[in-house]
Amino acid sequence: MYVPSSARALDDQDPSPHQDSETAGPPVIRFNPRYLEDVRSGVKTKTTRFRDPAQLGAARLVFESEPEVVLPAEVTGIRHCLVSDLTDQDARDEGLTTVTELRAALKRHYPDLAGSDEVDVITFQVNDWADAGQPTVSE
């Protein structure tokens with residue numbers, strides 16, 4: 001099989017610039033940018049997801065703004081439950097007041113979501129860049 005010399009040259013280079021940002025490094029959990037300040041301040045320490053699995057351990061919280069903001073984090077817990085079993089405490093951990101507010105917010109994100117659907121309540125903690133082994137970025 002013929003391999004062009006330009007392709008062979010890439011094999012000798014550091015592959016990291018050529019890796020897909022979604023697959024390189026810890027798993028990504030995407031957020032609407034309106035949640036950025038609540039996450040940064042620690043007001044929001046959970047996120048509830050439907051058909052969007054997460055895993056325990058290191059993660060990247062990606063806020064879909066322009067430009068994207070990425071925070072290193074640790075997923076410290078995942079609880080599987082029915083929408084109908086969500087609690088006021090789940091709502092408070094998401095920066096809301098009541099489970100009714102949480103269910104309404106989930107319906108905006110997932111219009112077909114029903115009370116009998118199973119969701120994942122993901123608990124996370126934002127890390128400092130230094131704690132995550134990444135370079136600290138000064139502004």
Side-chain angles (χ1 to χ4, degrees):
M1 176 173 98
Y2 173 73
V3 178
S5 61
S6 59
R8 284 193 303 270
L10 286 177
D11 290 339
D12 297 331
Q13 297 176 6
D14 177 8
S16 57
H18 309 288
Q19 292 177 338
D20 179 356
S21 63
E22 287 292 317
T23 58
V28 168
I29 300 174
R30 295 198 166 274
F31 286 88
N32 185 295
R34 74 174 168 257
Y35 300 117
L36 178 60
E37 290 312 311
D38 282 351
V39 169
R40 275 189 172 151
S41 68
V43 168
K44 181 174 175 66
T45 59
K46 287 185 181 177
T47 184
T48 303
R49 300 299 169 109
F50 179 56
R51 297 182 181 152
D52 187 9
Q55 62 188 43
L56 293 173
R60 291 176 291 162
L61 308 184
V62 177
F63 296 84
E64 298 175 321
S65 54
E66 193 57 47
E68 282 188 338
V69 176
V70 180
L71 300 177
E74 189 80 17
V75 173
T76 58
I78 302 171
R79 187 178 97 239
H80 308 287
C81 70
L82 299 178
V83 172
S84 60
D85 292 335
L86 292 168
T87 67
D88 284 338
Q89 185 60 53
D90 292 324
R92 286 190 291 275
D93 292 341
E94 289 226 28
L96 302 170
T97 306
T98 67
V99 71
T100 302
E101 285 180 87
L102 175 56
R103 288 183 186 129
L106 289 170
K107 284 294 275 185
R108 285 192 296 277
H109 288 286
Y110 310 109
D112 297 329
L113 189 68
S116 59
D117 286 323
E118 188 173 280
V119 292
D120 293 331
V121 180
I122 301 163
T123 304
F124 59 87
Q125 176 180 334
V126 175
N127 298 329
D128 291 333
W129 281 110
D131 292 344
Q134 301 291 329
T136 303
V137 178
S138 50
E139 296 182 33

message: Using side-chain heavy atoms (C-beta onward) and a distance below 4.5 Å, is Val83 in contact with Ser116?
response: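 The answer is no; the side chains never approach within 4.5 Å.
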
task: Decide whether Val126 and Leu56 are clustered together by the hydrophobic rule: side chain heavy atoms of Ile, Leu, Val, Met, Phe, Trp, Tyr closer than 4.5 Å, transitively.
output: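 As far as the 4.5 Å side-chain criterion goes, Leu56 and Val126 are connected within one cluster.
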
message: So which atom in Ala105 and which in Leu96 form the shortest heavy-atom distance, rounded to 0.1 Å?
response: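 Closest approach of Ala105 to Leu96, heavy atoms only: CB-CD1, 4.4 Å.
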
message: side chain to side chain contact (heavy atoms under 4.5 Å, CB included), that's the test. Do Asp88 and Arg92 meet it? Break it down for me.
response: CA-CA 6 Å; Asp88 284 338; Arg92 286 190 291 275; 3.5 Å; yes

message: Grouping I, L, V, M, F, W and Y whenever their side-chain heavy atoms are under 4.5 Å apart, do Val69 and Ile29 come out in a common cluster?
response: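 Both belong to a single hydrophobic cluster.
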
- prompt: Taking only residues two or more places apart in sequence or in another chain, which ones pass salt bridge (charged side-chain N to carboxylate O under 4.0 Å, His left out) with Glu37?
  reply: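 Counting only residues at least two positions away or on another chain, Glu37 forms a salt bridge (charged side-chain N to carboxylate O under 4.0 Å, His left out) with Arg40.
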
message: Check this for me: Arg51, atom CZ, are more than 12 non-hydrogen atoms of other residues, nucleotides or ligands nearer than 6.0 Å?
response: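 Not buried by this count: 12 neighbours or fewer within 6.0 Å.
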
message: Taking side chain to side chain contact (heavy atoms under 4.5 Å, CB included) as the definition, give me every residue that meets it alongside Gln55, ordered by chain and number, with sequence neighbours left out.
response: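 Checked Gln55 against side chain to side chain contact (heavy atoms under 4.5 Å, CB included); matches are Pro27.
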
- prompt: Going hydrophobic residue to hydrophobic residue with side-chain gaps under 4.5 angstrom, can you get from Leu61 over to Leu36?
  reply: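 Yes; Leu36 is reachable from Leu61 via cluster members.
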
- prompt: For Thr100, which residues count as a side chain to side chain contact (heavy atoms under 4.5 Å, CB included) partner, sequence neighbours excluded?
  reply: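 Residues passing side chain to side chain contact (heavy atoms under 4.5 Å, CB included) with Thr100: Thr98.
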
message: So which atom in Ala59 and which in Val75 form the shortest heavy-atom distance, rounded to 0.1 Å?
response: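 Taking every non-hydrogen atom into account, CB-CG2, 3.9 Å.
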
task: Could you check if a side-chain atom of Thr48 sits within less than 4.5 angstrom of a side-chain atom of Ile122, using non-hydrogen atoms only?
output: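 The answer is no, as the side chains (C-beta and beyond) never meet within the 4.5 Å cut-off.
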
- prompt: If you group Ile, Leu, Val, Met, Phe, Trp and Tyr whenever their side-chain heavy atoms sit less than 4.5 Å apart, what else falls in with Leu82?
  reply: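 When side chains under 4.5 Å apart are linked, Leu82 ends up in no cluster with other residues.
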
- prompt: With sequence neighbours left out, which residue pairs that include part of residues 116-127 fulfil the salt bridge (Lys or Arg N to Asp or Glu O under 4.0 Å) condition?
  reply: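 Every pair satisfying salt bridge (Lys or Arg N to Asp or Glu O under 4.0 Å) with a residue in residues 116-127: there are none.
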
- prompt: Looking only at atom types and distance, does a side-chain atom of Gln125 sit under 3.5 Å from a main-chain N or O of Thr45, one as donor and one as acceptor?
  reply: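 Not confirmed, Gln125 side chain does not pair with Thr45 backbone.
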
Under 3.5 Å donor-acceptor pairs involving side-chain atoms of residues 107-114, not counting sequence neighbours:
unit_1	atom_1	unit_2	atom_2	d
Lys107	NZ	Pro111	O	2.9
Lys107	NZ	Leu113	O	2.8
His109	NE2	Tyr35	OH	3.2

- prompt: Partners of Phe124 by ring pair (Phe, Tyr, Trp, His ring centres under 6.0 Å), sequence neighbours excluded?
  reply: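 Partners of Phe124 under the ring pair (Phe, Tyr, Trp, His ring centres under 6.0 Å) test: Phe31.
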
- request: Taking all non-hydrogen atoms of both residues into account, name the closest pair between Phe63 and Leu71 and its distance.
  value: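 Closest approach of Phe63 to Leu71, heavy atoms only: CE1-CD1, 3.7 Å.
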
- prompt: salt bridge (charged side-chain N to carboxylate O under 4.0 Å, His left out) with Glu64: which residues, sequence neighbours excluded?
  reply: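 Listed in chain order: Arg30.
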
- request: Please list all pairs passing the ring-ring contact (aromatic ring centres under 6.0 Å, His included) test where one or both residues lie in residues 67-108, with sequence neighbours left out.
  value: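 Listed by first then second residue: nothing to list.
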
task: Please report the C-alpha distance between Leu86 and Leu106 in whole Å, then the side-chain angles of each, then the deciding distance to 0.1 Å, and finally whether the side chain to side chain contact (heavy atoms under 4.5 Å, CB included) criterion is met.
output: CA-CA 11 Å; Leu86 292 168; Leu106 289 170; 3.6 Å; yes

query: Under the salt bridge (charged side-chain N to carboxylate O under 4.0 Å, His left out) test, which residues partner Asp52, sequence neighbours left out?
result: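 Expected list: Arg49.
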
task: Return the set of residues passing salt bridge (charged side-chain N to carboxylate O under 4.0 Å, His left out) with Asp90 (not counting sequence neighbours), or none when no residue passes.
output: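 Partners of Asp90 under the salt bridge (charged side-chain N to carboxylate O under 4.0 Å, His left out) test: Lys46, Arg79.
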
field: With Glu101 via side-chain hydrogen bond (donor to acceptor under 3.5 Å, both in side chains) - residues at least two apart
entry: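 Glu101 satisfies side-chain hydrogen bond (donor to acceptor under 3.5 Å, both in side chains) with Thr97 once adjacent residues are dropped.
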
